[in-house]
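The chains referred to below are lettered A, B, ... by the order of the sequence lines, with proteins before strands, and numbering in each begins at 1.
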2 protein chains.
Amino acid sequence: MARTVPLLIDIATGDTRPIVRQITDGVRIKISTGEIEPGDQLPSVRGLAQQLGINPNTVAKAYAELTTEGWLEARQGLGLYVAPKRQRLSRGERERRFDDAVQRFVADVVPLNIAPEEVHARIDAEFAALQRRRA
Amino acid sequence: MARTVPLLIDIATGDTRPIVRQITDGVRIKISTGEIEPGDQLPSVRGLAQQLGINPNTVAKAYAELTTEGWLEARQGLGLYVAPKRQRLSRGERERRFDDAVQRFVADVVPLNIAPEEVHARIDAEFAALQRRRA
DNA sequence: CATCTGTACTGTTAGTGCTAGTACAGTACA
DNA sequence: TGTACTGTACTAGCACTAACAGTACAGATG
């Protein structure tokens with residue numbers, strides 16, 4: 001359902017990721033899991049910035065990135081909305097990102113000497129936790 | 001077997017990771033997979049730097065990080081050696097890193113809309129590829 | 001017209017990655 | 001003893017990025 005009320009977005013303060021990255025990751029996941037849907041309106045640049053206590057430019061940068069990637073649609077003077085579901089990235093780009101993610105993950109995890117079954121279990125658990133957040 | 005000859009380490013040039021990170025990741029994986037073993041000697045700071053065409057300080061920084069983490073042992077005036085296999089990280093630290101890795105991986109992958117089975121398959125494949133590199 | 005929206009600049013500050021150079025102490029060997 | 005290796009410890013500088021600060025402008029709405 002397309003909500004007209006701006007949504008709340010929560011950003012963890014103790015995160016090592018850059019703020020822009022936290023916002024883009026958060027929105028992408030919320031859209032992917034269906035927590036927010038095409039047509040929903042996002043908080044305004046200034047509104048979200050004030051809510052999070054960060055600079056409006058930082059939010060604008062995150063929104064701009066999400067817009068060029070096809071996740072959001074901007075309507076000048078109105079606000080930002082979740083774009084209709086379509087292919088947001090090219091096949092090649094998707095494959096490349098998936099590749100990078102897997103490589104980095106394995107590089108991070110292998111030295112920790114964790115059993116493969118536990119790795120799979122934890123990933124599934126994390127997936128499930130995200131899906132469970134859906135309205 | 002403890003080799004006395006310095007090993008070759010290859011660093012990809014088209015990698016987005018910082019050089020220090022590429023080195024530390026590479027060495028950690030080589031040790032984890034058994035490609036290099038406790039007692040093996042690593043290339044000298046200056047030697048590896050020259051081989052890779054980078055600054056000796058960069059290599060030294062990577063080696064220092066690996067040493068403080070317990071992966072390597074330095075013998076002043078002699079060189080760096082793979083440390084004996086023991087608990088390299090505390091339980092809590094391991095858990096924390098594993099958590100971070102899973103969280104980031106899921107954040108990267110979920111928006112790509114890839115089937116969970118394929119995710120697991122690719123991870124297993126990557127694991128297997130690393131294990132296959134062992135002597 | 002006033003006020004909201006996104007967008008687009010310039011400029012500054014702080015941190016990091018990397019390079020460059022120098023110096024010093026321990027080890028090995030002729 | 002001298003020389004040439006090893007790792008280690010500094011300082012300094014450059015380039016890039018994240019984030020903040022400030023300002024301005026155009027479109028939409030009432």
ask   = Within the structure shown, what part of the strands sits under 4.0 Å from B/T58 by heavy-atom distance: base, sugar-phosphate, or nothing?
value = base

A/I19 CD1 to D/dA21 P, in whole Å, measures 11 Å

Here the distance between atom P of C/dC18 and atom CG of B/L52, to the nearest Å, is 12 Å

Contacts satisfying ring-ring contact (aromatic ring centres under 6.0 Å, His included) that involve residues 90-115 of chain B (not counting sequence neighbours) are A/F105-B/F105

Side-chain contact check for A/K61: nearest option of D/dA19, C/dC18, C/dG6 is D/dA19

Within the 4.5 Å heavy-atom criterion, are B/S32 and B/W71 side-chain neighbours or not? yes

note: A/Q41, atom CD; D/dA28, atom C1'; distance rounded to Å ~ 12 Å

Query raised in the report: Is A/R96 salt-bridged to A/D100, cutoff N-O under 4.0 Å?
Result: yes

B/L72 and B/V27 have their tightest heavy-atom pair at CD2-CG1, 4.4 Å

Are there any protein N/O atoms within less than 3.5 Å of an N/O atom in nucleotides 21-29 of chain C, and if so, which ones and at what distance?
unit_1	atom_1	unit_2	atom_2	d
C/dG21	O6	B/N57	OD1	3.4
C/dG21	O6	B/N57	ND2	2.7
C/dG26	N2	B/G77	O	3.3

Review point. Take atom CD in B/E95; do more than 12 heavy atoms of anything else shown fall under 6.0 Å from it?
Key: yes

Rounded to whole Å, the OH-C1' distance (A/Y81 to D/dG27) equals 13 Å

Check this for me, if you would: do B/D25 and B/R28 make a salt bridge, where the nitrogen-to-carboxylate-oxygen distance has to be below 4.0 angstrom? yes

Checklist entry - Under 4.5 Å between side-chain heavy atoms, hopping through other hydrophobics if needed: is there a path connecting A/I31 to A/V20? => result no

Correct closest heavy-atom pair for B/P43 and B/L48 would be CB-CB, 4.0 Å

Base-paired stretches in DNA chain C with three or more consecutive Watson-Crick or G-U pairs, both distances under 3.5 Å, amount to C:1-30 with D:1-30

Here the distance between atom C1' of C/dC18 and atom CD of B/E65, to the nearest Å, is 15 Å

